[in-house]
Amino acid sequence: MESLIQTNIGQIIRKYLVPAENFIYGFADLRGLLNPEFNDFSYGISIGKKLDDRILDSVENGPTREYYEHYREMNLALEKITDDICLDLKKNRINCVNVSPTVVLTSEEFKPYLKDLRYKFSHKMVATRAGLGWIGKTDLFVSKAFGPRLRLASILLSESIPFQNMPIDKSRCGTCEVCVVKCPAGAANGKLWDICTDRDLFFDAQKCRAQCGKFGMDLFQKETRICGICVSVCPLGHNKS
Ligand code: B12
């Protein structure tokens, strides 16, 4: 007999991803890839919600308050959607947990995080494993559907799921250098990503963070980090491409 997970899971997810054209989702095999904290889970659902093109176009030279608010709204919307999907999956006796789109740190996690800028969970990794896209030259997840113009969230599952797409193991950015040239922090060196190439070999996250902090201070006169230029200038997912 076909398991409930195979027949119903897609239906359950699609109920909450409305309107459908603003979302992508896919299933990922994460065996051996997750932090031990997530030991109960081996599979994942990656969900991407498209960002607003007009707002993204407006941050080509630096962030705006509207963009900042947009991100906050996106986080809230994705938290709600993944909460609702998880509740529904649990009602169907599918063991799952949702991972917040933002970084949530305990006081012990804070110092090591600041040193490395590596969180215990990577939404981008779930998304490449789900075959939805690849990692670009400024370490953004570049989706086939919306380019980097999306916010990601993930749901982890303990049971195997019906995989639809092959995972993507290397960059498809080719010779494009737009994000590298336009990055105000000069954080990228132009090297192409693949699953064996660690972030620090092609992208300096500390330089990026410092620039995000500078933009935040200029905009809000307080400690907050925001940029978005690399997301805005990528020719993929751009409404004019
Ligand atoms: C820490 C963090 C930051 C740090 C460090 C960024 C960095 N690039 O590492 C700082 C503060 C600088 C930052 C800045 C920004 N961030 Co940020 N950030 C995060 C966070 C919380 C964790 C990322 C992390 O741990 N990085 C460590 C590296 C090693 O992991 P990684 O970034 O995921 O990339 C590696 C893996 O994905 C790996 N990988 C991918 N597939 C596979 C497969 C296999 C088998 C293996 C082994 C590895 C592998 O390849 C990558 C390179 O090594 C995520 C949310 C999350 N929990 O994932 C958001 C996130 C990456 N940020 C995001 C955004 C939008 C931004 C900003 C644009 C801010 C803004 N809103 O204006 C900037 C742009 C940064 C940029 N160009 O990367 C989005 C990215 C969306 C996208 N399209 O990619 C995320 C995913 C949040 C979200 N929920 O959507 N961020």
Side-chain angles (χ1 to χ4, degrees), residues 24 28-35 38 44 46-51 55-56 59 62-64 67-72 74-79 82 98-105 109 112-143 145-154 167-171 179-180 182-185 187-188 191-213 215-216 219 223-234 236-237:
I24 50 171
D29 184 344
L30 301 171
R31 281 175 293 176
L33 293 173
L34 294 174
N35 179 296
F38 302 101
S46 173
I47 296 175
K49 184 173 187 331
K50 189 183 188 314
L51 297 168
I55 297 175
L56 262 291
V59 301
T64 59
Y67 170 69
Y68 181 73
E69 291 307 328
H70 188 45
Y71 260 100
R72 287 162 55 108
M74 280 284 177
N75 285 339
L76 290 174
L78 277 169
E79 296 267 14
T82 51
N98 59 331
V99 187
S100 170
T102 56
V103 56
V104 185
L105 297 167
E109 286 169 338
Y113 165 77
L114 279 189
K115 192 165 164 268
D116 286 350
L117 298 177
R118 283 168 195 267
Y119 192 48
K120 61 190 170 195
F121 183 89
S122 167
H123 289 298
K124 290 186 265 182
M125 186 182 70
V126 183
T128 71
R129 294 310 81 202
L132 297 174
W134 61 92
I135 306 294
K137 289 182 181 170
T138 43
D139 196 32
L140 288 175
F141 173 72
V142 183
S143 67
F146 311 134
R149 293 179 169 215
L150 80 173
R151 192 83 180 153
L152 290 169
S154 312
I168 296 180
D169 289 348
K170 57 181 186 192
S171 173
C179 65
V180 177
K182 296 276 176 77
C183 171
K191 193 173 162 50
L192 286 169
W193 168 84
D194 63 34
I195 52 166
C196 301
T197 305
D198 184 63
R199 175 197 67 187
D200 296 353
L201 293 173
F202 65 96
F203 185 74
D204 186 332
Q206 295 290 358
K207 277 191 185 169
C208 170
R209 183 175 183 272
Q211 180 62 54
C212 290
F215 276 135
L219 259 184
E223 270 276 309
T224 184
R225 265 158 286 279
I226 186 92
C227 180
I229 294 178
C230 53
V231 187
S232 175
V233 300
C234 177
L236 297 179

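Note that ligands are numbered from 1 as they come in the structure, with each ligand's atoms numbered from 1 the same way. All figures in this text were calculated on a predicted structure; none of them were measured in a lab.
- Geometrically, K50 engages F146 in a cation-pi contact, judged by NZ or CZ lying under 6.0 Å from the ring centre and within 45° of the ring axis.
- A donor-acceptor pair is defined here as one N or O able to donate and one able to accept, closer than 3.5 Å; such a pair exists between the side chain of D29 and the backbone of R31.
- Using a distance-only test at 3.5 Å, with no hydrogens or angles considered, a donor-acceptor pair links the side chain of S100 to the main chain of T102.
- Q211 contributes no side-chain N or O that, together with a main-chain N or O of Q206, makes up a donor-acceptor pair within less than 3.5 Å.
- Taking both residues in full, the closest heavy atoms of T128 and W134 are given as CG2-CA, 4.1 Å, listed atom of the first, atom of the second, then distance.
- Under the 4.0 Å criterion applied to side-chain N and carboxylate O atoms, R209 and D204 are not assigned as salt-bridge partners.
- Sorted by chain then number, the residues whose non-hydrogen atoms approach ligand 1 to under 4.0 Å are L33, Y67, Y71, P101, V103, Y113, L117, R118, Y119, F121, S122, H123, K124, M125, T128, R129, I135, T138, D139, L140, F141, P148, L150, R151, L152, W193, I195, T197, D198, R199, F202, F203, A205, C208, R209, I226, C227, G228, C230, V231.
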